[in-house]
There are 2 protein chains.
Amino acid sequence: MLHVAEAARVSVATVSALLNGTATVSPELTQRIEQAIRDIGYKRNAIARSLKMGTTRTIGLTVPHITNPFFTDVVSVIQQAFDRAGYAVMLCCTDEDLNTQDEQIRLLLDRMVDGLIVARVGDGGILKSIVEDANVPVVLLDRLCEGVDTDAVVLDNQRAVSDAVTYLIHLGHRRIGYITGTSDISPMHDRMIGYREALQAAGLPMAEELIRSGNFHEIDGYNATMQLLSLHDRPSAIFSANNPMVIGTMKAIRDIGLSCPEDISVACFDDFPWSDVFVPQLTTVAQPVQAIGEQAANLLLDRLAGNRDAPPRKLVLKGRLMIRNSCRPLGALPQSVSA
Amino acid sequence: MLHVAEAARVSVATVSALLNGTATVSPELTQRIEQAIRDIGYKRNAIARSLKMGTTRTIGLTVPHITNPFFTDVVSVIQQAFDRAGYAVMLCCTDEDLNTQDEQIRLLLDRMVDGLIVARVGDGGILKSIVEDANVPVVLLDRLCEGVDTDAVVLDNQRAVSDAVTYLIHLGHRRIGYITGTSDISPMHDRMIGYREALQAAGLPMAEELIRSGNFHEIDGYNATMQLLSLHDRPSAIFSANNPMVIGTMKAIRDIGLSCPEDISVACFDDFPWSDVFVPQLTTVAQPVQAIGEQAANLLLDRLAGNRDAPPRKLVLKGRLMIRNSCRPLGALPQSVSA
DNA sequence: TGACACGTTCGAAACGTTTAGATTAGCGTT
DNA sequence: AACGCTAATCTAAACGTTTCGAACGTGTCA
């Protein structure tokens with residue numbers, strides 16, 4: 001900018017004023033400055049600007065695993081939304097590890113991100129103090145966090161699972177295996193309640209042996225399914241917690257020599273482009289990923305626009321049961337495709 | 001830092017020296033300073049540091065679509081690599097649009113990223129001048145770029161497709177539909193050569209009507225497949241350019257009332273966790289995503305470590321044909337699973 | 001004892017912006 | 001002709017670091 005100012009024979013203040021439109025500058029000077037900018041190929045240094053202004057027009061986004069299609073989609077939507085708004089996005093993957101998350105959040109704050117969207121891990125760790133100190137706005141994504149009172153957008157997980165399990169019960173299933181993620185995060189907790197609720201409403205017993213948990217990975221789903229399938233009285237249906245885990249479930253079913261839905265029905269959380277392309281077509285609980293991402297972005301953008309004092313807002317969206325043909329009525333042939 | 005210095009009754013220079021280990025500071029002062037840092041909860045401001053040092057320990061990464069599983073995986077690997085090295089990653093999606101890409105790259109450069117990894121779009125646009133000006137190192141990912149002479153890691157696309165098509169020919173297929181992406185990027189160009197090469201080696205004619213192109217989306221694959229399937233003499237096999245497009249292909253086959261592999265064989269580029277879980281199990285060309293991501297990261301990290309003058313390095317990795325059961329020998333029953 | 005070297009600490013400039021407040025010029029009023 | 005007002009421009013401080021060179025105190029050696 002100094003060079004531009006010299007070339008245009010004006011002060012840096014005038015250049016700045018022109019660039020930011022913070023003051024009127026005469027036509028001649030305007031022209032001289034613009035010419036100088038072109039000649040020199042000047043680009044304003046955003047770092048210096050950030051230092052002075054105290055804002056970076058950058059936000060931090062942390063998710064457990066970007067390869068989980070649910071998070072992939074949400075990240076994509078959020079990225080687009082902030083791109084439109086002129087913000088850059090720093091992406092971090094916490095690998096479902098609290099220490100990693102804490103470290104990455106610290107890194108992001110050091111870099112003066114203007115806001116944070118977090119699909120948190122563990123008990124939230126450092127998040128609590130950040131939200132309390134209230135320097136940078138935080139939006140919780142997908143997972144609430146006890147003791148962290150801030151904007152959030154989550155699914156009505158209880159209802160979603162309750163609907164899915166009720167559907168299985170209506171098909172005649174009585175022993176429904178349930179594979180969940182680590183239980184310390186809110187969605188898993190709420191989904192478990194939904195599972196219990198549906199069983200209870202149908203007067204079915206809750207068998208602990210039918211509940212398995214794992215760390216969200218394919219291998220965890222595989223192992224959990226293997227255990228369920230080798231029970232003396234094995235379940236006739238399995239509900240799996242997410243995409244990677246349901247892949248593990250399907251592989252376990254295949255490896256053990258059974259088939260879906262003939263021998264065992266399968267449903268899962270999260271829907272994917274290919275859910276209805278292959279055989280069996282998976283019955284899933286679809287999350288409104290587009291809406292989730294957009295709402296999260298909007299909540300944060302609203303705070304960034306200056307609306308700091310509004311009380312925390314919590315958005316709860318509805319899942320949608322996509323009925324396909326991976327679950328069959330007990331004692332009948334596989335049903336045909338709907339959805 | 002000023003506050004810390006005051007609280008510890010030293011100068012800011014001493015605090016800085018201690019923090020960076022750039023000079024020895026006596027045990028007493030060390031202790032006073034560390035105490036003050038704890039008391040105040042001081043965190044060093046990375047933006048101010050960046051401004052002074054001229055380095056941000058941040059890199060920019062642009063890909064066409066993060067929801068394409070190939071890019072999802074590569075992004076994930078790259079993100080992890082830079083995370084380990086203490087770098088932050090700014091992620092941009094160009095949506096296969098050159099203007100968007102140019103704008104995003106400019107944004108990244110304004111923010112003084114230390115380096116760039118780009119899965120480029122169009123003709124590269126602004127990239128040329130950036131690489132020439134040589135201020136920030138650039139690594140090309142997945143796609144070379146004419147006139148942009150810099151580090152790159154790509155697949156041997158020609159060989160990969162040639163192998164896949166040759167495999168189809170060995171199964172007895174003579175009319176092989178080929179669905180490609182927009183032809184202005186190097187992989188699509190090389191793959192087309194591979195396709196031609198395989199046909200030629202087998203003495204088969206090259207029928208233009210069997211070649212369709214689209215913009216990498218599911219809908220493009222769907223439309224292209226619809227066109228291929230309504231040819232008077234329709235192909236007995238289809239090779240599809242990527243994951244979203246092959247989903248479109250499968251949907252088109254289903255919607256038109258055919259089935260795979262009985263009526264039509266299908267193979268595609270890129271492998272996915274679920275490729276071998278459902279029916280049919282997809283025959284694919286697997287890219288070594290882990291290696292691609294790591295190599296790209298290493299190339300850039302090497303430049304960032306100071307190795308600026310080495311000539312551009314071009315890494316070419318091999319794909320691997322994953323033979324499953326979505327392609328059948330012509331005139332015979334579907335083969336059983338391998339791989 | 002004076003000169004010198006060494007180890008430790010500090011003052012101040014610099015990175016590239018923004019911005020408050022000062023300055024200047026032009027113009028209309030009285 | 002002196003005054004005040006407005007519009008345009010400038011000066012200089014500030015943002016929070018790093019770093020160069022100077023300063024200071026202490027010990028060693030001639």
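A, B, ... follow the sequence lines: proteins, then strands. Residue 1 opens every chain.
Mapping heavy-atom proximity under 4.0 Å, the span of DNA chain D touched by chain B runs 5' to 3' from D/dG16 to D/dT19.
A salt bridge links B/Arg303 and B/Asp151; the closest N-O separation between the charged side-chain nitrogens and carboxylate oxygens is under 4.0 Å.
As rounded to whole Å, 11 Å separates atom P of C/dT18 from atom CG of A/Leu18. If you measure from atom CG of B/Asn45 to atom P of C/dT17, you get 17 Å, rounded to the nearest angstrom.
In this structure, OG1 in A/Thr58 is found 10.0 Å from CG in A/Leu108, a value given to the nearest 0.5 Å. Distance check, rounded to the nearest 0.5 Å: CD of A/Glu146 to CZ of A/Arg120 gives 8.5 Å. With values rounded to the nearest 0.5 angstrom, B/Gln104 atom CD is found 7.5 Å from B/Cys93 atom SG. Going from atom CD1 of B/Ile33 over to atom OG1 of B/Thr14 covers 6.0 Å, rounded to the nearest 0.5 Å.
Each end of the helix from C/dT1-D/dA30 to C/dT30-D/dA1 gets its own axis, taken as the rotation carrying the C1' atoms of four end pairs onto the next four within a five-pair window, and the two axes meet at 80° to the nearest 10 degrees.
Judged by the 6.0 Å and 45° rule, A/Arg143 forms a cation-pi pair with A/Phe216.
Not counting sequence neighbours, A/Asp142 has no partner by the salt bridge (Lys or Arg N to Asp or Glu O under 4.0 Å) test. For B/Ser26, the side-chain hydrogen bond (donor to acceptor under 3.5 Å, both in side chains) test picks out no residue, with sequence neighbours left out. Evaluation of the salt bridge (Lys or Arg N to Asp or Glu O under 4.0 Å) rule for A/Asp149 yields no partner, not counting sequence neighbours.
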* **Check against side-chain contact (heavy atoms from CB on, under 4.5 Å), A/Arg111 and B/Arg49** => CA-CA 10 Å; A/Arg111 282 180 167 75; B/Arg49 179 163 225 259; over 6 Å; no
Measure all distances between protein nitrogen or oxygen atoms and nitrogen or oxygen atoms of nucleotides 5-11 of chain C, and list the pairs falling under 3.5 Å.
residue: C/dT8; atom: OP2; partner: B/Thr24; partner atom: OG1; Å: 2.5
residue: C/dT9; atom: OP1; partner: B/Ser26; partner atom: OG; Å: 2.5
residue: C/dT9; atom: OP2; partner: B/Ser26; partner atom: N; Å: 2.7
residue: C/dC10; atom: OP2; partner: B/Ser11; partner atom: N; Å: 3.0
residue: C/dC10; atom: OP2; partner: B/Thr14; partner atom: OG1; Å: 2.5

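Side-chain nitrogen and oxygen atoms of A/Arg44 include none within less than 4.0 Å of the OP1 or OP2 phosphate oxygen of C/dT17.
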